[in-house]
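These numbers were taken from a predicted model, which means no experiment stands behind them. Sequential numbering from 1 along the given sequence is applied to the chain's residues. Numbering of ligands and ligand atoms starts at 1, following listing order.
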Amino acid sequence: SSLLPSSPLLSSPLPSSPRLSPPLLSSPLPSPPLSSTHTRIFKIIVIGDSNVGKTCLTFRFTGGSFPDKTEATIGVDFREKAVEIEGETIKVQVWDTAGQERFRKSMVEHYYRNVHAVVFVYDVTKMASFRNLQTWIEECNGHRVSASVPRVLVGNKCDLMDHIQVGILHMYTFADAHNMLLFETSAKDPRESQNVDSIFMSLACRLKAQKSLLYRDVEREDGRVRLTQATETKSNCPC
Ligand SMILES: Nc1nc2c(ncn2[C@@H]2O[C@H](COP(=O)(O)OP(=O)(O)OP(=O)(O)O)[C@@H](O)[C@H]2O)c(=O)[nH]1
Ligand SMILES: [Mg+2]
């Protein structure tokens, strides 16, 4: 695990440092492509206590498996996966952040800058990791993350059924109070992998929908781009 995205866990080449290229930093949600050569990137950060399984979840989504061994993330690891939604290829760029304070201090500003969605993870077998969510939410709010940025609550390690400390009621109440989508997952159990994918795919669909409502009918007329009213809202989203 490393500050720079040179980790062997990386699924594809990614920006060489957290200073991302201008198109990603310049707009809160990148506009849809007007040509097929431009791929939109959605930046999703994954935060929560150390050891809750953030690295394993992001690896399960981008790499399709559970890593044999992980070390505490230092700074951030980037992982990326191209997904296709309604005919558009979108890059889901997952920022796997460090849970340990000493490994994240200098990076926090980078995490939240122009983020498109936030995934809050806790460990269903550790009540402390659930209680600490309040602190993570405060940090997120403290970095001027807009209320329109979708937030998701993920209770991980649900394969450890005999050790569950955070019941479903806790989870529902919390997610409801904070207007979050919620998922219970296991990064470890392969039978749960679809559920892990759903976390990121549902966000990607939502982000795409947010923008496609505005730009759905982008048309070119006489060489000029014209925006027209959305005429249909039916979605072919795979989620
Ligand atoms: N049983 C079980 N263990 C898991 C699961 N996900 C992760 N783990 C284990 O939990 C430990 C921590 O996982 P990581 O993904 O490294 O945790 P992290 O949240 O990235 O931790 P930091 O990088 O320190 O913030 C590892 O030993 C994993 O093997 C899961 O779904 N089930
Ligand atoms: Mg980690």
Task: N, O or S atom of S50 closer to the Mg ion (ligand 2) than 2.8 Å - done: no
Open item on the list: Would you say the Mg ion (ligand 2) has T55 as a near neighbour, meaning an N/O/S atom of that residue under 2.8 Å away?
Closed with: yes
Going by the atom numbers of ligand 1, which of them fall below 4.0 Å from some non-hydrogen atom of [X]?
X	answer
C56	6 (N), 7 (C), 13 (O), 15 (O), 28 (C)
A72	23 (O), 24 (O)
T70	13 (O), 14 (P), 16 (O), 26 (C)
G99	22 (P), 25 (O)

Open item on the list: Between R104 and E139 (salt bridge meaning N to carboxylate O under 4.0 Å), is one present in this structure?
Closed with: yes
Task: Y112 to W136 - nearest heavy-atom pair and separation - done: OH-O, 4.2 Å
Region of [X] engaging ligand 1 - heavy atom pairs below 4.0 Å:
X	answer
L160	side chain
N156	side chain
F103	neither
V52	both
D159	side chain

Task: Heavy-atom nearest neighbour of atom 24 (O) of ligand 1 within options A187, S50, C158 - done: S50
Task: Heavy-atom proximity to atom 19 (O) of ligand 1, best of E192, R60, K54, E71 - done: K54
Expected list for residues 151-170: side-chain donor-acceptor pairs under 3.5 angstrom, two or more places apart:
residue : atom : partner : partner atom : Å
R151    : NH1  : N141    : OD1          : 2.9
R151    : NH2  : N141    : OD1          : 3.0
N156    : OD1  : T185    : OG1          : 3.3
N156    : OD1  : A187    : N            : 3.1
N156    : ND2  : V52     : O            : 3.0
K157    : NZ   : N51     : O            : 2.8
K157    : NZ   : D123    : OD2          : 3.4
D159    : OD1  : S186    : OG           : 2.9
Q165    : OE1  : M127    : N            : 2.7

- [ ] Could you tell me whether ligand 1 has any atom less than 4.0 Å away from a heavy atom of L57?
- [x] no
Task: F59 to ligand 1, any heavy atom closer than 4.0 Å - done: no
- [ ] For ligand 1, find out whether one of its N or O atoms is nearer than 3.5 Å to an N or O atom of T73.
- [x] yes
Open item on the list: For T70 and T55, which I'm curious about, is there any donor-acceptor pair between the side chains at under 3.5 Å?
Closed with: no
- [ ] Only counting residues at least two apart or in another chain, list the ones meeting ring-ring contact (aromatic ring centres under 6.0 Å, His included) with F66.
- [x] none
